[in-house]
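Got a structure for you, written out below as structure tokens; questions coming shortly.
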Amino acid sequence: MTDTHTPTPQTPELPTQFDPTTTEPKWAAKWRNEPFRADATSGKDPFTIVIPPPNVTGNLHLGHALDNTLIDTLIRYKRMAGFEALYLPGMDHAGISTQVVVERQLKDAGTNRHDLGRENFLEKVWDWKAKSGGMILDQLTRLGVSADWTRERFTMDEGLSRAVRAQFVKLYHGGLAYRGERIVNWDPASQTTLSELEIDREVRKGKMYTLSYKLENPAEAASNGDAGEIRIATVRPETIFADQAIAVHPNDERFKHLVGKKARIPLTERLVPIIADEAVEMDFGVGALKITPAHDPTDFEVGERHGLPRPSVIDLDGNLTTDELVPAEFQGLERFAARKAVVKALEEGGDLLEQKDHDTAIGLSERTKVPVEPIISEQWFVQMKPFAAQVLDGLEKGEIRLTPERYAKVNRDWLENIRDWNISRQLWWGHQIPAWYDEEGNIYVPDPENPELDCDVDPRYRHLNLRRDPDVFDTWFSSNLWPFSTLGWPDTDSEDFQKFYPTQVLVTGYDILFFWVARMQMAGYGLTGQAPFSTVMLHGLYLDAKGQKMSKSKGNGIDPLELFDQYGVDACRFAFTFLSTGGQDIKHDARRFEQGRNFANKLWNATRFALMRLGEGIPALTGDDDLTRYVRSTLEKPDGASPRSRDALAQLKTRSDLTLADRWIISRLNAVTAEASAQLDAFDIGAAIRTLYSFTWDEFCDWYIEAAKPALSSGNLGTMATLKAVLEHILKLLHPFMPFITSELYGALGHRRQIAVHSWPKEDAALHDAEATHAFDALRAAVAAARSLKSELGLSPQDRLNVAVEGELAGVVGENSRVVESIAKVNLVTLLEGRTLSLVEQGVTIRAPLEGTVDMADWLKKQQKRLQELDKQIKQAEGKLSNEGFVARAPAEVIEEEQRRIKDFGAQKERLEGVLAQFG
RNA sequence: AGAACCGUAGCUCAGGGGUAGAGCACUACCUUGACACGGUAGGGGUCAGGGGUUCAAAUCCCCUCGGUUCUACCA
């Protein structure tokens with residue numbers, strides 16, 4: 001990366017409004033084409049954040065825009081603060097989502113993946129990836145992220161594929177990855193298994209049916225039914241053909257005598273045993289249930305405990321099988337149609353005793369929205385408990401900090417209850433599992449010493465007819481490696497891995513805490529022996545204006561590109577950071593974007609003001625001192641490095657030509673620099689932008705610029721330098737948040753090197769000036785009072801009013817009369833004849849002649865109210881100070897503060913009483 | 001069934017033991033040589049309700065009422 005750019009041609013004046021469309025493309029292109037390349041050999045401390053890789057399919061949505069804004073803000077801050085900052089970009093192949101998208105396209109084109117064949121299909125997906133991935137890249141570029149594009153990665157690129165294989169081989173030979181027959185979640189639409197996390201639970205209205213199962217011995221009876229029957233409850237009557245038992249609780253007196261006996265499945269002649277198992281809840285339903293091991297996870301476990309067979313009656317398409325277990329009339333029926341048919345038949349046969357409304361939580365495939373079907377299948381699994389234990393240990397030791405902290409508990413709870421992870425997917429798009437089978441079903445997996453060697457070409461197995469597992473890994477089985485696979489792992493000696501791993505912060509939404517964060521934690525500890533990041537910063541979800549989640553199906557999504565077009569990217573970044581507080585969800589609010597746009601415009605015009613005034617004043621500057629050169633560089637744009645604003649500030653401190661306003665703003669800038677830096681260090685990005693926003697607008701623009709006008713008009717070098725230095729510091733402080741406009745304006749102020757590579761302002765205790773702060777506060781109070789009086793007297797802002805200043809701090813105001821007169825548009829006079837309208841403020845009283853259209857009764861009422869308020873405050877403070885407990889226990893500063901308040905309010909009260917005395 | 005978060009001005013939200021804040025909206029005045037995407041002066045809140053801890057509670061604890069969400073194999 002070079003650190004120069006083509007400066008904006010110096011026009012006499014910037015336009016009066018900031019136009020993002022002329023500024024943004026230039027900088028976005030620069031940051032894309034000359035990326036912020038992190039140097040693995042530098043001596044600086046690393047600061048690494050890996051992007052939560054967006055799915056190659058689909059667009060950047062607001063969640064991504066939020067993620068990447070927060071990441072970029074931290075990265076830009078740390079880069080300026082002297083770290084070797086690496087923002088590592090990339091994308092995820094998103095197995096099932098992408099395959100579903102491409103298959104849908106094929107369907108629209110009248111074909112399908114099976115007709116195409118695996119290789120042709122994959123070619124299509126890669127085409128789509130190229131197109132879609134390019135779009136995401138453009139969107140991130142538009143956002144202005146300072147990513148290191150030379151390190152961009154993709155979960156299916158060569159290096160990452162090697163990492164995935166290394167992971168699997170290691171887990172397999174360590175006995176942690178295994179193949180087994182389990183009940184898994186099947187998505188009949190996409191024809192693959194899913195992990196628990198890929199299923200959305202949704203409560204739907206359904207029915208619960210009470211069925212009568214006839215006992216083998218008609219002389220017996222369950223106490224929940226008539227003679228010769230036992231009643232059971234189910235919500236899935238279509239699965240009764242796969243029943244293997246009826247279960248009751250072992251302590252349930254109603255059924256004890258029946259355990260070991262048999263009952264007949266309705267609509268069939270098949271008998272199943274009645275068994276006792278703790279899993280049964282006595283109080284629920286009718287106390288007994290059917291056990292269908294092949295079609296229900298709980299039943300599967302019960303079946304395992306009791307050694308029951310587990311035949312299946314639903315096939316992979318979600319239809320009843322043509323198995324002999326299923327009566328002919330139901331064979332081949334779709335599962336929901338089958339339910340209706342079975343219910344009807346049960347009803348007709350008198351076996352259906354009752355059906356009542358029942359809310360059932362059903363599992364929907366996250367991607368296809370189709371109800372998942374529990375099926376029994378042979379799949380690959382990874383044992384999670386050993387990994388979870390390592391993470392829990394690391395969390396315990398504080399090796400990973402979560403912010404907000406409350407998520408640490410959520411993180412732990414999930415890890416403590418973790419189950420084995422089904423990692424195989426019956427998809428084509430993804431990392432094909434490197435496992436081979438011989439004709440007898442024996443498993444072959446490459447050796448850890450030579451993981452890249454496929455078993456079917458391994459000389460040792462040449463005599464065998466090996467067939468590769470057609471399945472691929474779950475997408476998250478590659479995303480879990482992201483913080484280190486992107487840095488060269490499994491090559492742990494690589495420069496990048498050595499320098500940038502482990503990473504510092506992970507920024508993402510709390511919604512993927514389990515999916516992604518926890519799995520990276522486990523992979524990090526399990527494969528690299530350390531935490532993959534030291535801080536997890538979780539932000540809330542970006543919701544629509546009504547507070548609902550945005551989703552394609554609801555059609556309530558907001559396209560970030562439209563917001564960029566409408567408000568400008570800086571304004572959007574302002575809004576994102578301003579809105580992000582403490583991991584709370586964010587409800588979309590257009591007003592925040594307007595606020596950002598207005599703020600950008602304010603900054604633009606403040607700089608415009610500075611350029612105009614400095615431009616007017618510079619020709620008269622003839623000195624050859626550092627400070628003069630610093631101010632002159634605004635127009636002269638030196639080829640070498642410009643004199644630094646930090647040095648200028650340090651020099652300014654000792655100058656005698658500084659005005660009170662200059663001293664005040666320098667002191668305030670210093671305090672704000674410290675505050676914003678501390679907030680960023682604590683990852684409280686929202687607080688930092690708020691601090692900077694109010695300082696820039698309320699203090700710098702509203703007070704300092706106004707107060708500096710008289711001194712600028714008389715060409716005061718100290719004020720010119722202060723204006724420039726403070727403005728440049730503000731631009732630096734805001735740069736991480738609003739990179740475009742700050743880069744542009746910094747260039748306009750005479751800098752050739754882009755602001756992004758300048759250093760972050762540092763707090764300097766020597767710049768603190770309590771006296772100036774105190775005095776300027778009095779001046780502000782005087783100005784506010786004078787303005788208020790003008791308003792009360794019905795005067796226009798431009799009408800000049802004679803006012804007199806009295807009070808403890810009248811001297812300070814008098815010394816700065818030019819400033820007060822200029823800002824408040826008043827004339828300061830020493831004495832006023834006759835009755836006056838007066839306003840009493842802290843330290844000063846402002847008096848104005850009583851003329852014009854003031855409503856005296858109303859005015860006096862207000863002043864009386866004011867007096868009462870002061871009285872109340874004084875009494876309150878006195879009350880506290882006369883309270884023994886307060887004096888004994890409150891900290892000294894608080895006590896002093898109360899004493900000070902009594903003094904200040906007392907003085908104000910005295911002055912106000914004097915003022916009111918003239919009106920009797 | 002557990003758990004978490006939220007309830008502060010008309011709206012959207014900060015603040016999180018020590019004098020109630022912002023943006024927008026509202027009222028009045030102002031095109032004052034940076035900015036009307038602006039300026040100035042104003043109005044508006046018993047910080048959901050109740051109890052407790054404390055010298056001091058919007059802030060900490062408990063309960064209640066509303067709202068949201070996440071976990072969980074109740075047929």
Side-chain angles (χ1 to χ4, degrees), chain A residues 13-14 16-18 201 208-209 232-236 247 279-281 283-292 296-302 358 360-361 374 404 406-407 409-410 413-414 417 510-511 513-514 540-541 543 545 547-549 567 571 578-579 581-592 594-613 686-687 690 693-694 698 701-702 705-706 709 783-784 787-792 794-798 822 824-825 873 876-877 880 883-891 893-895 897-898 901 905:
Chain A
E13 265 188 45
L14 298 172
T16 61
Q17 269 196 6
F18 170 53
R201 297 279 161 189
M208 185 159 71
Y209 305 90
I232 63 101
T234 181
V235 295
R236 298 205 60 189
V280 181
E281 304 260 339
D283 303 334
F284 191 84
V286 292
L289 70 153
K290 68 197 199 64
I291 296 297
T292 317
D296 183 277
T298 309
D299 290 7
F300 180 86
E301 285 169 22
V302 174
H358 180 74
T360 321
R406 63 186 134 94
Y407 285 109
K409 179 174 152 41
V410 182
D413 288 351
W414 190 75
N417 297 307
Y510 64 75
D511 54 327
L513 179 57
F514 305 139
L541 268 34
L543 310 172
Q548 295 179 311
K549 274 187 198 170
Y567 302 102
F578 201 90
L579 287 167
T581 48
Q584 288 311 347
D585 286 349
I586 296 167
K587 210 191 280 193
H588 179 71
D589 185 354
R591 292 173 298 188
R592 224 89 272 163
E594 282 167 19
Q595 189 179 354
R597 180 199 58 193
N598 296 352
F599 183 48
N601 194 238
K602 192 74 178 175
L603 198 59
W604 180 264
N605 277 291
T607 307
R608 193 164 154 261
F609 168 83
L611 284 170
M612 288 169 76
R613 290 310 182 91
R690 284 161 207 273
Y693 172 80
S694 68
D698 303 340
C701 292
D702 285 354
I705 285 185
E706 294 307 321
K709 281 175 181 175
V783 168
R787 283 166 169 168
S788 192
L789 284 174
K790 285 178 72 173
S791 179
E792 287 290 346
L795 298 175
S796 272
Q798 68 267 40
S822 144
K825 304 281 190 295
Q873 298 284 351
Q876 225 171 52
K880 283 187 186 178
N883 179 331
E884 276 175 43
F886 177 77
V887 179
R889 294 175 204 219
E893 308 100 72
V894 176
I895 292 172
E897 174 68 14
E898 292 302 327
R901 293 182 69 195
F905 288 137

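The chains referred to below are lettered A, B, ... by the order of the sequence lines, with proteins before strands, and numbering in each begins at 1. Computed over heavy atoms, backbone and side chain alike; hydrogens, waters and symmetry mates excluded.
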So what does Y693(A) hit on the nucleic acid, given a heavy-atom distance under 4.0 Å: a base, only sugar-phosphate, or nothing?
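Sugar-phosphate, backbone atoms only, no base.
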Minimal non-hydrogen separation, A590(A) against Y567(A), with atom names
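Closest approach of A590(A) to Y567(A): CB-OH, 3.7 Å.
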How far, in whole Å, is U64(B) from U19(B) if one measures between their C1' atoms?
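It comes out at 31 Å once rounded to the nearest Å.
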Look at the side-chain N and O atoms of K587(A) and state whether any lies under 4.0 Å from the OP1 or OP2 oxygen of C13(B).
yes
For the residue pair D296(A) and P374(A), what are the closest heavy atoms and their distance?
N-CB, 4.2 Å
From the set C13(B), A75(B), G23(B), return the single nucleotide nearest to any side-chain atom of V235(A).
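In terms of side-chain proximity for V235(A), the closest of C13(B), A75(B), G23(B) is A75(B).
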Establish, with yes or no, whether the OP1 or OP2 oxygen of C13(B) is under 4.0 angstrom from a side-chain nitrogen or oxygen of R592(A).
no
Base, sugar-phosphate alone, or nothing: which one does R406(A) contact when heavy atoms must sit under 4.0 Å apart?
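Sugar-phosphate contact only - R406(A) comes under 4.0 Å of backbone atoms but never of a base.
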Take the protein atom CG of D511(A) and the nucleotide atom P of U68(B), then report the distance between them rounded to whole Å.
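Going from D511(A) (CG) to U68(B) (P), I get 19 Å.
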Using the P atom as the point on both nucleotides, what is the distance between U40(B) and U31(B), in whole Å?
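Roughly 15 Å separates the two P atoms.
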Rounded distance in Å between the P positions of A56(B) and G39(B):
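Looking at atom P only, A56(B) and G39(B) are 43 Å apart.
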When you compare the side chain of N605(A) with that of R608(A), does any pair of heavy atoms fall below 4.5 Å?
yes
Report the distance from atom CD of E594(A) to atom P of A22(B), rounded to the nearest whole Å.
19 Å
Output the rounded distance in Å from CZ (F284(A)) to P (C74(B)).
9 Å
Nearest-Å distance for atom pair CH2/P, residues W604(A) and A36(B)
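To the nearest whole Å, that distance equals 14 Å.
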Taking only the C1' atom of each, what is the distance from U46(B) to A57(B) in whole angstrom?
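Here U46(B) and A57(B) have their C1' atoms 13 Å from each other.
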So which one's nearest nucleotide on RNA chain B is more toward 5', K709(A) or L289(A)?
K709(A)
Nearest-0.5 Å distance that lies between atom CD in E898(A) and atom CD in Q876(A):
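Nearest 0.5 Å value for the CD-CD distance: 8.0 Å.
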Could you give the CD-to-C1' distance, from Q595(A) to C37(B), as a whole number of Å?
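Value for this atom pair: 12 Å.
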By the 4.0 Å heavy-atom rule, please label E281(A) as base, sugar-phosphate, or nothing.
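Base, at least one base atom sits under 4.0 Å.
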Describe the nucleic acid contact of R889(A) in one word from base, sugar-phosphate, nothing, applying a heavy-atom distance below 4.0 Å.
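It contacts base atoms.
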Would you find a donor on one side and an acceptor on the other, under 3.5 Å apart, between the side chain of D585(A) and the backbone of L541(A)?
yes
Without decimals, in angstroms, what is the distance between K790(A) NZ and U32(B) P?
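Taking atom P of U32(B) as the reference, NZ of K790(A) is at 14 Å.
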Any side-chain to backbone donor/acceptor pair from T607(A) onto L603(A)? Under 3.5 Å, distance only.
yes
Select base, sugar-phosphate, or nothing to describe what Q798(A) touches, counting heavy atoms under 4.0 Å on all strands.
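Counting heavy atoms under 4.0 Å across all strands, the contact made by Q798(A) is with sugar-phosphate only.
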Using a cut-off of 6.0 Å, state whether more than 12 heavy atoms not belonging to Q798(A) lie near its atom CD.
yes
Check E594(A) with R591(A), please: is the shortest side-chain N to carboxylate O separation under 4.0 Å?
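Here R591(A) does not pair with E594(A) in a salt bridge, since their nearest N and O are not under 4.0 Å apart.
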For D413(A) and for D585(A), locate the closest nucleotide of RNA chain B by heavy-atom distance; then report the residue assigned to the nucleotide nearer the 5' terminus.
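Result of the comparison: D413(A).
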Where H358(A) and F284(A) come nearest, the two heavy atoms and their spacing
CE1-CZ, 3.8 Å
For V280(A), answer base if it contacts any base atom (sugar-phosphate contacts may also be present), sugar-phosphate if it contacts only those atoms, and nothing otherwise; contact means non-hydrogen atoms under 4.0 Å.
base
Would you please confirm or rule out a distance under 4.0 Å between OP1 or OP2 of C13(B) and any side-chain N or O of Q584(A)?
no
Interatomic distance at C1', A25(B) relative to C61(B), whole Å:
38 Å
Q873(A) side chain: which of C55(B), U19(B), A22(B) is closest?
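When the side chain of Q873(A) is considered, U19(B) is the closest of C55(B), U19(B), A22(B).
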What one-letter contact string describes nucleotides 38-43 of chain B from 5' to 3', where B marks a base within less than 4.0 Å of any protein heavy atom, S marks contact via sugar-phosphate atoms alone, and - marks no contact?
SSSSS-
With rounding to whole Å, what would you report as the distance between C6(B) and A48(B) at their C1' atoms?
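Rounded to whole Å, the distance is 11 Å.
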If you look at every strand shown and take non-hydrogen atoms under 4.0 Å, does E898(A) touch a base, only sugar-phosphate, or nothing?
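Touches nothing.
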Whole angstroms only, please: what is the CZ-C1' distance between F886(A) and A57(B)?
15 Å
For RNA chain B, list all stems, counting runs of three or more consecutive pairs where every pair is Watson-Crick or G-U wobble with both distances under 3.5 Å.
B:1-7 with B:65-71, B:10-13 with B:21-24, B:26-30 with B:38-42, B:48-52 with B:60-64
Which pair of non-hydrogen atoms, one from K880(A) and one from V887(A), has the smallest distance, and what is that distance?
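In terms of heavy atoms, the two residues are closest at O-CG2, 4.4 Å.
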Please state the C1' separation for the pair A9(B) and C47(B) - nearest whole angstrom.
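Approximately 10 Å lies between the C1' atom of A9(B) and that of C47(B).
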Polar side-chain contact Q17(A)-C37(B) base: donor and acceptor under 3.5 Å
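Answer yes: a donor N or O sits under 3.5 Å from an acceptor.
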Please report the shortest heavy-atom distance between K790(A) and A824(A), naming the atom on each side.
NZ-O, 3.3 Å
Considering only side-chain heavy atoms of E706(A), which listed nucleotide, C35(B), C70(B), C24(B), is closest?
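Of C35(B), C70(B), C24(B), C35(B) is nearest to the side chain of E706(A).
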Whole Å only: how far is the OH atom of Y510(A) from the P atom of A4(B)?
16 Å
If I compare all heavy atoms of A606(A) with all of I705(A), which pair ends up nearest, and what's the gap?
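Looking at all heavy atoms of both residues, the closest pair is CB-CD1, 3.9 Å.
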Distance between the P atoms of C30(B) and U69(B), in whole angstroms?
50 Å
